[in-house]
Amino acid sequence: MNLLGVALRLTCAWLVVTIPVEAAEGVPRSISLPQALQRALAANPRLTAAERDIGIATGLKVQAGALPNPDLAFELDNALGSGPFKGLQAAETTLQLSQLVELGGKREARLAAGEAGVGAAVWQRRATRLEVMSETAVAFITVVSVQRRIEIFDEQISSLEQLIPLLQKRVQEGASSPAETLRAQVAADLFRVDRERAKTELATARRDLAILMGDSTPRFGAAVGRLTGIGQPPPFWSVVQAIEANPQLMRWTAVTAQRNADLILARLKRIPDVQISAGWRHFQETVEFSGGQPRQFTNDNAVRLGVSVPLPIFDQNTGNIIAAEDALAKTGAERAINKLVLISVAGRAYDAVNGSLAELKLLRTSVIPSARSALETIQSGYLQGRFTLLDLLDVRGSVLQALLREQEALRNFHIAVATIEGLVGSPFSLTRESSR
């Protein structure tokens with residue numbers, strides 16, 4: 001699976017992205033979702049750490065295939081004593097080379113475990129890439145959503161500011177109380193308070209997005225995108241089936257192979273290895289009896305050969321074998337736990353998708369049209385004196401709340417879609433509905 005391709009397509013099918021225009025010199029350029037994903041893949045430190053884990057596993061695999069080093073030994077016997085052993089006159093010098101010969105396929109078992117360790121690290125890196133892409137998409141959607149909330153507040157504030165001169169004119173004409181102008185000003189100021197709160201939320205969201213892209217502070221302008229596109233999700237069972245291809249679950253195949261190799265290695269350690277040695281011994285002085293008379297010789301040499309095998313009487317590695325067997329048996333349960341967690345996360349996201357769709361349907365077919373119709377009627381009637389300012393401000397508040405609810409539902413919808421895409425590893429197939 002080409003994860004970079006997935007990164008570029010992730011949520012783009014449903015998050016309408018426009019190409020940012022060239023920014024003026026000194027002004028941060030706007031950013032699109034594909035650009036945010038590319039920067040996250042290039043600079044997120046979690047991906048760097050995952051790459052290092054592969055290097056660590058590769059190094060352990062290389063080390064697992066290394067042969068035991070030979071031993072070189074030097075011995076000096078019958079020296080520096082007393083009498084005939086004084087000094088080095090009767091010394092025996094031995095130079096010996098020993099080599100451990102592993103039996104039973106221990107080296108092959110270590111290599112198999114090392115190879116499986118590399119595979120597990122590769123799958124973990126792929127899982128980390130999907131997590132980073134999903135989190136980046138969620139952070140980007142959050143930024144776009146908060147930007148839109150600020151735009152909605154700006155629209156409401158601008159609308160009230162246009163109303164205030166009309167109120168002042170009505171006051172001058174004696175058709176309204178001066179208190180109505182103050183009420184309208186208070187309503188506009190309350191919208192400004194909400195806008196400032198949204199700006200704080202936007203600063204936090206932008207920082208979260210920047211951190212995912214490897215920066216401590218945002219180095220980009222506005223996030224360019226619209227959240228209006230929605231669609232019906234496929235059946236939940238198809239999502240569960242797709243989760244089987246999640247790298248977090250695929251990783252357990254390599255973990256199983258690694259633990260199986262560890263068990264084989266633990267069992268093979270009961271087989272004793274052979275230590276073979278060969279050496280050269282130099283005799284400073286030797287004595288040979290011939291006819292009852294000793295004859296002395298000097299500087300004689302001899303070859304020394306040896307074989308040693310440990311006897312597995314007391315330690316047969318039983319404890320390590322039991323631990324390796326339980327570790328292997330535990331793998332299936334750990335994978336099952338991992339899968340249930342992924343299904344749980346996908347289930348909550350799937351419910352959020354359906355819940356957001358239900359909210360959007362009600363908001364778009366009933367609440368928002370009715371609120372806007374009521375606003376037009378009351379605003380027109382207010383200018384004719386048939387409604388009070390409180391009626392007008394109340395219906396404006398209803399329109400604002402409906403628009404904010406719609407924006408929140410759109411954000412929840414796209415965040416849930418991005419979450420599921422991060423679990424299944426590919427764009428979430430939706431039956432497209434028309435955008436508002």
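We're numbering straight along the sequence, starting at 1.
Between Leu130 and Met133 the shortest side-chain heavy-atom distance falls below 4.5 Å. Between Trp123 and Leu249, the closest side-chain pair of non-hydrogen atoms is not below 4.5 Å. With a 4.5 Å cut-off on side-chain heavy atoms, Pro233 and Leu357 count as touching. Within the 4.5 Å cutoff, no side-chain heavy atoms of Ile230 are placed close to those of Val353. Residues Asp326 and Lys330 fail the side-chain proximity criterion, which asks for heavy atoms closer than 4.5 Å. A heavy-atom distance below 4.5 Å is found between the side chains of Ile31 and Met213. Counting only heavy atoms from C-beta outward, the side chains of Leu95 and Leu72 approach each other to under 4.5 Å. Side-chain contact between Arg125 and Asp53 is absent, with no heavy atoms from C-beta onward closer than 4.5 Å.
No side-chain donor-acceptor contact under 3.5 Å links Tyr350 to the backbone of Ala416. Using a distance-only test at 3.5 Å, with no hydrogens or angles considered, a donor-acceptor pair links the side chain of Arg110 to the main chain of Ala64. For Gln147 (side chain) and Ala223 (main-chain N/O), a donor-acceptor pair under 3.5 Å exists by modelled atom type. Within the 3.5 Å criterion, the main-chain N or O of Ile415 finds a donor-acceptor partner in the side chain of Thr419. Checked by atom type and distance alone, the side chain of Ser380 never pairs as donor or acceptor with a backbone atom of Glu376 at under 3.5 Å. Of the possible donor and acceptor atoms, one in the side chain of Thr331 sits under 3.5 Å from a partner among the backbone N and O of Leu328. Between the side chain of Ser366 and the backbone N or O of Leu362 there is no donor-acceptor pair closer than 3.5 Å. Listed for the Ser134 side chain is a donor-acceptor partner under 3.5 Å among the backbone atoms of Ala418. Between the side chain of Asn317 and the main chain of Arg270, no donor-acceptor pair closer than 3.5 Å is present. With Thr142 contributing its side chain and Val138 its backbone, the two residues share a donor-acceptor pair below 3.5 Å.
The residue from Gln401, Arg364, Arg411 that alone fulfils the side-chain hydrogen bond (donor to acceptor under 3.5 Å, both in side chains) condition with Glu406 is Arg364. None of Ser308, Pro310, Pro68 except one satisfies the side chain to side chain contact (heavy atoms under 4.5 Å, CB included) rule with Gln275; the exception is Ser308.
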Q: Tell me, with the steps shown, if Gln407 and Leu403 meet side chain to side chain contact (heavy atoms under 4.5 Å, CB included).
A: CA-CA 6 Å; Gln407 191 60 34; Leu403 293 176; over 6 Å; no
Q: Go through the steps to decide whether Arg348 and Asp351 satisfy the test salt bridge (Lys or Arg N to Asp or Glu O under 4.0 Å), and finish with yes or no.
A: CA-CA 5 Å; Arg348 289 196 296 269; Asp351 293 340; over 6 Å; no
**Q.** Derivation and outcome, side chain to side chain contact (heavy atoms under 4.5 Å, CB included), residues Leu202 and Arg206
**A.** CA-CA 6 Å; Leu202 177 61; Arg206 284 172 55 82; 3.9 Å; yes
Q | Stepwise side chain to side chain contact (heavy atoms under 4.5 Å, CB included) test for Arg148 and Glu151 | A | CA-CA 5 Å; Arg148 177 55 187 152; Glu151 291 176 358; 3.2 Å; yes
Q: Carefully, step by step, assess Glu334 and Arg251 under the rule salt bridge (Lys or Arg N to Asp or Glu O under 4.0 Å).
A: CA-CA 11 Å; Glu334 289 178 320; Arg251 172 179 171 271; over 6 Å; no
Q: Could you give me the CA-CA distance, side-chain angles and deciding distance for Phe220 and Leu209, then say whether side chain to side chain contact (heavy atoms under 4.5 Å, CB included) is met?
A: CA-CA 10 Å; Phe220 54 88; Leu209 179 58; 3.7 Å; yes
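One distance of note links CG of Asp391 with CG of Leu375; it measures 12.0 Å at 0.5 Å rounding. Rounding to the nearest 0.5 Å gives a distance of 8.5 Å between CD1 of Ile243 and NZ of Lys339. Note that CG of Leu400 and CZ of Phe191 are 5.0 Å apart. Values are rounded to the nearest 0.5 Å. Distance check, rounded to the nearest 0.5 Å: CG of Leu392 to OG1 of Thr377 gives 11.5 Å. Atom CD of Gln35 sits about 13.5 Å away from atom OG1 of Thr136, to the nearest 0.5 Å. With values rounded to the nearest 0.5 angstrom, Asn44 atom CG is found 10.5 Å from Asp215 atom CG.
Residues Val144 and Gly225 approach most closely at CG1-O, 3.3 Å, considering heavy atoms. Nearest heavy atoms, Ile141 versus His414: CD1-O, 3.4 Å. Nearest heavy atom pair, residue Phe140 against residue Ala36, reads CD1-CB, 4.1 Å. Closest of all the heavy-atom pairs between Gly119 and Ala254 is C-CB, 3.7 Å. Taking all atoms of both residues into account, the shortest heavy-atom contact from Val132 to Ala40 is CG1-CB, 4.0 Å. Here the closest heavy-atom approach between residue Asp273 and residue Glu102 is recorded as OD1-CA, 3.4 Å.
No side-chain N or O of Arg195 forms a donor-acceptor pair with one of Gln156 less than 3.5 Å apart. Checking Ser159 against Arg396 by side-chain atom types alone, a donor-acceptor pair falls below 3.5 Å.
Salt bridge Arg267/Glu325: present, at least one basic N to carboxylate O contact under 4.0 Å. With respect to Arg149 and Glu408, no salt bridge is recorded, no charged nitrogen being found less than 4.0 Å from a carboxylate O.
For Lys269, the NZ atom counts as loosely surrounded, since its 6.0 Å shell holds 12 or fewer non-hydrogen atoms of other residues, nucleotides or ligands. Heavy atoms of other residues, nucleotides or ligands lying less than 6.0 angstrom from CZ of Arg405 number 12 at most.
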